[in-house]
There are 2 protein chains.
Amino acid sequence: MERSGDGDPRQTLRLLWPSPQARSGRGRPPKVSLDKIVAAAMALADRDGLAAMTMDRLAASLGVGTMTLYTHVPGKAELVDLMVDSAWRELDLTRSGSWRDQIEHYAKQNMALHERHPWLRNVSTVRPPLGPGLLARSDFLLAALSTLGLSAAETSAASDSIVTFVDAAAATLAEHTHAGRVSGQSDEDWWAARQVFWETIFDPARYPAIEQAWHDGGFNRSPAEAAANAFDLGLRALLDGIAAMAQRVR
Amino acid sequence: MERSGDGDPRQTLRLLWPSPQARSGRGRPPKVSLDKIVAAAMALADRDGLAAMTMDRLAASLGVGTMTLYTHVPGKAELVDLMVDSAWRELDLTRSGSWRDQIEHYAKQNMALHERHPWLRNVSTVRPPLGPGLLARSDFLLAALSTLGLSAAETSAASDSIVTFVDAAAATLAEHTHAGRVSGQSDEDWWAARQVFWETIFDPARYPAIEQAWHDGGFNRSPAEAAANAFDLGLRALLDGIAAMAQRVR
DNA sequence: AAGCAATACCGTACGATATACGGGAAACGG
DNA sequence: CCGTTTCCCGTATATCGTACGGTATTGCTT
């Protein structure tokens with residue numbers, strides 16, 4: 001599969017930041033609005049996965065003809081961009097507590113977001129749409145980190161690294177939590193394959209460190225628990241490291 | 001859009017770990033081998049992007065009929081799985097120096113890998129194919145981290161968190177380094193949109209922290225440089241944090 | 001030498017998908 | 001009532017992945 005999103009960025013921008021031009025009143029009144037299309041697309045992707053979100057099905061779920069969608073959106077890629085920014089706008093970015101509390105709050109919110117919208121992990125996070133959702137997130141993180149006394153470049157890099165880690169970890173965690181419920185691929189197959197792999201194929205002699213970790217109980221947890229632990233430990237370590245850098249500056 | 005990879009995991013396993021059954025000699029001799037198909041697919045994706053790697057074009061590049069590919073591979077998803085593991089097998093995992101040196105070596109190798117195979121960022125890293133490449137990587141990381149004296153669960157979580165961060169950061173960096181050279185989307189558009197955005201749309205009053213960071217020169221660097229800085233700083237912080245955890249255990 | 005079994009090759013056809021095109025319908029102002 | 005504007009949507013096309021079934025080429029057996 002490819003990645004979704006990343007339509008013509010100029011088109012996407014125009015849709016994300018609509019100029020407040022009032023409708024002239026002339027012409028046929030719309031049956032659907034852009035907002036409703038995006039909302040319906042998200043609902044469809046939430047329920048059946050991103051692959052099932054086809055223009056045909058989306059139009060049907062709105063009770064309109066397929067080509068009607070193209071009066072409101074230049075193409076599917078731009079629509080996915082809008083879905084992504086709309087999702088980000090759901091984040092509760094209330095500020096409270098120390099910078100660290102704020103970052104951890106962001107991490108939790110991000111987890112919940114991926115839980116609600118599992119399709120987010122199927123959309124590339126590189127070169128995201130420059131919408132209000134993304135900007136609000138950046139603003140939140142930069143504000144939280146700016147209290148640390150790092151240089152502007154370091155603050156920016158720290159923010160980016162947090163975004164990178166948290167997004168990736170949340171996506172992984174959501175994948176395992178949802179456990180293929182919707183992912184378009186039967187989870188039983190995956191588990192069966194995993195079983196077969198460990199019992200039949202895995203060669204302990206060739207991968208001693210893995211064997212050792214297994215023996216020491218490092219893999220006793222379910223994949224979902226393991227992902228959650230990796231999320232927690234990684235975030236803690238990352239923030240500890242950033243805090244230490246700030247300490248050094250003072 | 002969508003993500004590639006994630007074919008039937010059982011089929012993929014069978015292909016990743018071929019049993020050493022010698023060909024009987026009977027039957028028509030193959031014109032192509034699985035290895036050649038995977039190599040050609042990677043070359044095609046390297047040059048023209050993953051979206052351009054269609055079964056038709058792949059077959060043509062091998063001088064074979066399209067359906068011939070299906071004698072060697074159950075489907076495209078499985079083929080992408082094989083490409084991914086094959087890419088990971090390119091990592092040079094020579095061990096030398098401290099645990100930290102080893103992790104940093106891994107990070108550099110991973111960067112180079114994404115540089116060579118930009119399409120990797122379009123393939124989901126969740127639930128990766130359990131092939132030799134993935135196992136070698138896990139073994140390398142677990143071995144490096146096992147010297148720290150953490151518990152087995154912590155070691156495993158630390159390894160996972162490093163994988164999460166490094167993969168995501170390397171993918172982001174490669175995206176910006178390649179600068180749309182091949183990504184299937186003209187980079188000029190993106191830059192133009194970015195320009196327009198900052199000059200026309202961005203509202204400083206609404207996003208004070210971003211405005212402040214901009215004013216302080218936090219965005220003076222190119223996106224590629226910024227991504228590289230985020231990679232460096234994030235990895236440093238993450239490893240500092242893990243080292244501190246290990247310190248505390250002793 | 002002739003038949004047979006096994007294996008690989010591949011042309012054709014089908015269903016799914018995004019979307020270009022162009023005509024038709026509904027509202028408004030004049 | 002007519003022209004203009006805006007939106008709706010049926011039809012058609014190009015691109016994919018791949019199911020199906022027939023064909024070609026080899027070694028083995030007799």
Side-chain angles (χ1 to χ4, degrees), chain A residues 1-8 11 18 21-37 40-41 44-45 48-81 83 122 184-185, chain B residues 1-8 11 15 18 21-37 40-41 44-45 48-83 122 184-185:
Chain A
M1 122 191 156
E2 307 303 291
R3 74 152 174 275
S4 294
D6 275 14
D8 176 355
Q11 299 287 347
Q21 47 183 345
R23 247 185 66 85
S24 72
R26 307 225 292 189
R28 189 179 190 171
K31 275 174 77 171
V32 287
S33 67
L34 181 55
D35 287 347
K36 282 188 182 171
I37 291 177
L44 193 53
D48 302 331
L50 192 59
M53 202 281 279
T54 69
M55 299 305 265
D56 275 3
R57 275 196 273 263
L58 176 55
S61 84
L62 285 162
V64 273
T66 306
M67 291 315 291
T68 299
L69 300 177
Y70 289 90
T71 345
H72 302 269
V73 164
K76 191 179 183 180
E78 285 81 5
L79 175 57
V80 175
D81 278 347
M83 291 168 66
N122 295 331
Q185 141 128 226
Chain B
M1 30 191 288
E2 309 295 293
R3 77 153 174 278
S4 295
D6 275 15
D8 176 354
Q11 299 288 347
L15 295 170
Q21 47 184 345
R23 246 187 67 86
S24 71
R26 303 227 292 190
R28 190 179 189 170
K31 275 173 76 171
V32 288
S33 66
L34 181 56
D35 288 345
K36 282 189 181 169
I37 291 177
L44 192 54
D48 302 331
L50 191 59
M53 201 282 282
T54 69
M55 299 303 268
D56 274 4
R57 275 196 272 262
L58 175 57
S61 84
L62 285 162
V64 182
T66 305
M67 291 315 291
T68 298
L69 301 177
Y70 289 89
T71 330
H72 303 269
V73 164
K76 190 178 184 181
E78 285 81 5
L79 175 57
V80 176
D81 279 346
L82 295 183
M83 292 169 66
N122 297 330
Q185 144 129 224

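Below, all heavy atoms of this structure are taken into account, side chains as well, without hydrogens, waters or symmetry copies. Chain identifiers are assigned alphabetically (A, B, ...) following the order of the sequence lines, protein sequences preceding nucleic acid strands; residue numbering begins at 1 within each chain.
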May I ask you to evaluate whether [X] reaches the phosphate of [N], defined as a side-chain N or O under 4.0 Å from OP1 or OP2?
X	N	value
Arg26(A)	dC7(D)	no
Lys76(B)	dG17(D)	yes
Ser24(A)	dT5(D)	no
Lys31(B)	dA24(D)	no

Nearest of [options] to any side-chain atom of [X]?
X	options	answer
Arg28(B)	dG11(C), dA18(C), dT25(D)	dT25(D)
Thr68(A)	dT26(D), dT7(C), dC8(D)	dC8(D)
Thr66(B)	dC7(D), dT18(D), dC9(D)	dT18(D)
Met67(A)	dA20(C), dC10(C), dA8(C)	dA20(C)
Val32(A)	dA8(C), dC8(D), dC10(C)	dC8(D)
Arg57(A)	dC8(D), dT17(C), dA18(C)	dT17(C)

Search all heavy atoms of [X] against all heavy atoms of [Y] and return the closest pair with its distance.
X	Y	answer
Leu58(A)	Ala41(A)	CD1-N, 3.5 Å
Thr71(B)	Thr68(B)	OG1-O, 2.7 Å
Lys76(A)	Met53(A)	NZ-O, 2.8 Å
Leu62(A)	Lys36(A)	CD2-O, 4.0 Å

Whole angstrom value for the distance that separates [atom2] of [N] from [atom1] of [X]:
X	N	atom1	atom2	answer
Leu58(B)	dC10(C)	CG	P	13 Å
Leu69(B)	dG11(C)	CG	C1'	14 Å
Arg23(B)	dA5(C)	CZ	P	18 Å
Met55(B)	dT15(D)	CE	P	18 Å

task = Let me know, please, whether Pro29(A) or Pro29(B) comes out on the 5' side of the other along DNA chain C by nearest nucleotide.
result =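 Of the two residues, Pro29(B) wins.
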
message = Can you tell me how far apart CE (Met83(B)) and CG (Leu44(B)) are? Round to the nearest 0.5 Å.
response =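 CG of Leu44(B) is found 8.0 Å from CE of Met83(B).
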
Which is true for [X] with a 4.0 Å heavy-atom rule: it touches a base, it touches only sugar-phosphate, or it touches nothing?
X	answer
Thr54(A)	sugar-phosphate
Gly27(B)	base
Val73(A)	nothing

